[in-house]
Amino acid sequence: MSKRVRILTAEDVEVHNKPSSCWISRAGKVYDVTNFLQDHPGGDELIIQYAGKDVDEVMQDPNEHEHSDSAYDMLDEYVIGRLATGEATVREDWEATDDFHPDNTDASRDFEKNEFLDLRKPLLRQVWEANFSKTYYLQQVHQPRHLPESARLFGPEYLEVFTRTAWYVVPVIWGPIAAYLFLRSVFQFTGPLPNFSVQPRLPIEYLPNVPAESFVKTLLCFFLGNVIWTLLEYTLHRFLFHVDFYLPDTPAFLTLHFLMHGIHHYLPMDRLRLVMPPLLFFVLETPFTQLAYVLFPPAVANGIISGAFTFYVLYDCMHYALHHSKLPQYMRDMKKYHLAHHYKNFELGFGVTSKIWDIVFSTYLPL
């Protein structure tokens, strides 16, 4: 075998169970024997019968088909990888406690045992240069690890700084923007305003003269934005961040997945990676805000966006709190629910601020 072999799972092997793509496994190694089928002395039917399966026992069974040492040497010519032996920590019987504090991961032992990512080194390059399959990546990235300090994504500090975000950065940046859009909506419901690119300043001195009707209209749009955000929170989490099944099995897409959400499941208690970096949120929100301006008049669009941004701020701050703060009863219940998404079943329980859309779309996670 080459020094750097591909790490595969039993599930990877199982799907190659046809004459056109025939894989088998033996003694921890994976073999692509598609081109050997016609040359097998015992006929291709014997191999096809065990396609996608482990053949260790059957190859040693004299009643089935005994093999010589040269047969094993010949088989080594078809090695394409080896079976992973990673540990699993996510389990269905996991129960959240109010005082949940996971033990720190032994980084050296973890890498030696799982051969996934070395937590002592920058992670992003390791994912990019990965020798593991998508199946193994998804298995391992959803097994939480815990470090006393944030793991590095990049080597250079000038890149690393953009991957770490303290929770208070979110309200400091997006709170004033939401307030500005709310007031802009109020003034736009009152009368025409110059285009933002021409005059971004609002006539705040005239705010006492704004009729109550303008505030009511903006508030209605604001509350609609709240509701829209809760649906976006659910759909983005479920269909974008957990696009696992449809994720192409290439280093580029695995790296993108790791950057967007994989690292959060891999290191769920990392205090500096629990809220979205401003640049990432800007990239994600831009298509939706532009769509709002296409679908609605500016006053309505700004009111809706201000409501959505306000709930985004609450969402990210609550997300941080669910992982690291002592909370009132409702939020304690949501903390148990959200941590179960990490430690019990990551394919259910996508709601962070509320379970309502999980109930509506049948992804509720029983505790």
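On a predicted model such as this, the values are computed, not experimentally measured, just so you know. We number each residue from 1, following the sequence as shown.
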Where the side chain of [X] meets the backbone of [Y], is there a donor-acceptor pair that is under 3.5 Å apart?
| X | Y | answer |
| --- | --- | --- |
| T105 | A107 | no |
| Y337 | L365 | yes |
| S306 | G303 | yes |
| N114 | F116 | no |
| D316 | M276 | yes |
| N17 | A51 | no |

Any luck finding a side-chain donor-acceptor pair between [X] and [Y] under 3.5 Å?
| X | Y | result |
| --- | --- | --- |
| D333 | Q329 | yes |
| N302 | Y293 | yes |
| Y78 | T34 | no |
| H324 | H319 | no |
| H237 | H341 | yes |
| R6 | S133 | no |

Quick check: do [X] and [Y] have side-chain heavy atoms less than 4.5 Å from each other?
| X | Y | result |
| --- | --- | --- |
| W174 | V169 | no |
| L240 | L284 | yes |
| L124 | L259 | yes |
| L83 | T9 | no |
| L119 | F111 | no |
| P144 | Y266 | no |
| P122 | F154 | no |
| F187 | S214 | no |

* Asked: When the ring centroid of W229 is compared with that of Y315, is the distance short of 6.0 Å?
  ->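 Here the rings of Y315 and W229 have centres that are less than 6.0 Å from each other.
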
* Can we call the ring centroids of H264 and F241 under 6.0 Å apart? ->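 Between H264 and F241, the centre distance exceeds or equals 6.0 Å.
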
Please report the interatomic distance [atom1]([X]) to [atom2]([Y]), rounded to the nearest 0.5 Å.
| X | Y | atom1 | atom2 | result |
| --- | --- | --- | --- | --- |
| L183 | Q188 | CG | CD | 11.0 Å |
| N345 | L348 | CG | CG | 4.0 Å |
| S150 | E160 | OG | CD | 8.0 Å |
| I80 | D12 | CD1 | CG | 9.0 Å |
| L123 | F258 | CG | CZ | 4.5 Å |
| T218 | R184 | OG1 | CZ | 12.0 Å |

* List the steps, then state whether salt bridge (charged side-chain N to carboxylate O under 4.0 Å, His left out) holds for R201 with E205. => CA-CA 11 Å; R201 180 184 173 277; E205 61 274 15; 3.1 Å; yes

Let me check something: do [X] and [Y] share a hydrophobic cluster, defined by ILVMFWY side-chain heavy atoms less than 4.5 Å apart, either directly or through other members?
| X | Y | result |
| --- | --- | --- |
| F189 | L207 | yes |
| I305 | L280 | yes |
| L159 | V283 | no |

Take atom [atom1] in [X]; do more than 12 heavy atoms of anything else shown fall under 6.0 Å from it?
| X | atom1 | answer |
| --- | --- | --- |
| F162 | CZ | no |
| Y320 | OH | yes |
| F282 | CZ | no |
| N35 | CG | no |
| Q199 | CD | yes |
| R125 | CZ | no |

Does a salt bridge link [X] with [Y], judged by any charged N lying under 4.0 Å from a carboxylate O?
| X | Y | answer |
| --- | --- | --- |
| E11 | K134 | no |
| K29 | D76 | yes |
| D110 | R145 | yes |
| R238 | E233 | no |
| D270 | R273 | yes |

Closest non-hydrogen atom pair, [X] against [Y]:
| X | Y | result |
| --- | --- | --- |
| G307 | N226 | O-ND2, 2.8 Å |
| V13 | S25 | CG1-N, 4.5 Å |
| Y50 | I24 | O-CG2, 3.7 Å |
| A151 | L267 | CB-CD1, 3.7 Å |
| T165 | V275 | O-CG2, 3.5 Å |
| A301 | A292 | CB-O, 3.7 Å |

* Check against side-chain hydrogen bond (donor to acceptor under 3.5 Å, both in side chains), S108 and D106 -> CA-CA 6 Å; S108 176; D106 183 329; 4.7 Å; no

* To do: Walk me through it: do F253 and H257 pass the test ring-ring contact (aromatic ring centres under 6.0 Å, His included)?
  => CA-CA 6 Å; F253 280 97; H257 180 276; over 10 Å; no

Do the rings of [X] and [Y] sit parallel, tilted or perpendicular, given the 30° and 60° boundaries?
| X | Y | answer |
| --- | --- | --- |
| H323 | H342 | perpendicular |
| H142 | F346 | parallel |
| W23 | H16 | parallel |
| H265 | H261 | perpendicular |
| F222 | F182 | perpendicular |
| Y312 | F281 | parallel |

* **Criterion salt bridge (charged side-chain N to carboxylate O under 4.0 Å, His left out) on E115 and R82, from CA distance to verdict** => CA-CA 12 Å; E115 296 186 80; R82 60 181 177 77; 2.7 Å; yes

* Could you please spell out the steps behind the side-chain contact (heavy atoms from CB on, under 4.5 Å) verdict for V300 and I304? => CA-CA 6 Å; V300 175; I304 291 174; 3.8 Å; yes

* Report yes or no: is the cationic atom of K355 (NZ for Lys, CZ for Arg) under 6.0 Å from the centre of the six-membered ring of Y364, at an angle within 45° of the ring normal? =>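 No, K355 and Y364 do not form such a contact.
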
